Amino acid sequence: MKVVALKDILGTEKEVDGGTWVSRRLLTKKDGMGYSVNDTIIKAGTETHIWYQNHLEAVYCIEGEGEVVTLSDNKVWPIKKDMIYALDKHDEHLLRAHPDSDMRMVCVFNPPLTGNEVHDENGVYPVDED
Ligand code: 9YT
């Protein structure tokens, strides 16, 4: 049994600033769950290009609103509090937060993040070689 408090992660190496987002890494690979869990803030008014070629991600919005644009079809998916989206096809996408509100997201990754990842120039997190 483990218990992790967000307040104990803030200001540590487990709080990762990606520029347009800040990811608080609650559970990572070493926690041995087979997935990782982040509490992530997407900064108001930002657009982030993301393409998780090596991971599947589910994202549950618990605060704020914005939209996802899937780049294969240019479809716009409005996202707001209490909605989850699943990148079940490793979908390349843009994530946009509304200009007036940060979005707060619970992000689950399979395979789990090791905890230090930031996006590369293509919006990708690297494959974990272990
Ligand atoms: C929702 C999303 O993908 N944001 C980018 C950051 C990432 N989810 C993370 O590492 O928490």
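All figures in this text were calculated on a predicted structure; none of them were measured in a lab. Counting starts at 1 for both ligands and their atoms, in listed order.
Checking His93, Glu57, Arg25, Met103 against atom 2 (C) of ligand 1, the nearest heavy atom belongs to Glu57. One option in Thr40, Val106, Ile41, Leu95 has a heavy atom closer to atom 1 (C) of ligand 1 than any other, and that option is Leu95.
Under 4.0 angstrom from ligand 1, the non-hydrogen atoms of Ile50 all belong to its side chain.
Near Ile42, meaning under 4.0 Å from any of its heavy atoms, are these atoms of ligand 1: 4 (N). The ligand atoms of ligand 1 that sit less than 4.0 angstrom from a heavy atom of Asn38 are 9 (C), 10 (O), 11 (O). When each atom of ligand 1 is checked for a heavy atom of Ser23 under 4.0 Å away, the hits are 9 (C), 10 (O), 11 (O). Under a 4.0 Å criterion applied to the non-hydrogen atoms of Tyr85, ligand 1 contributes the atoms 1 (C).
Looking only at distances, a side-chain donor or acceptor of Asp73 sits under 3.5 Å from a matching main-chain atom of Lys75. Under the 3.5 Å distance criterion, the side-chain polar atoms of Asp102 are matched with a main-chain donor or acceptor of Ala44. When atom types are taken as modelled, the side chain of Arg24 and the backbone of Asp39 share a donor-acceptor pair closer than 3.5 angstrom.
Here the two rings, on Tyr60 and Tyr85, have centers that are 6.0 Å apart or farther.
There is a side-chain donor-acceptor pair under 3.5 Å between Glu92 and His49. In this model, a donor atom of one side chain and an acceptor atom of the other lie less than 3.5 Å apart for Thr20 and Thr48.
For a threshold of 3.5 Å applied to N or O pairs, the pair formed by Trp21 and ligand 1 contains no separation below that value.
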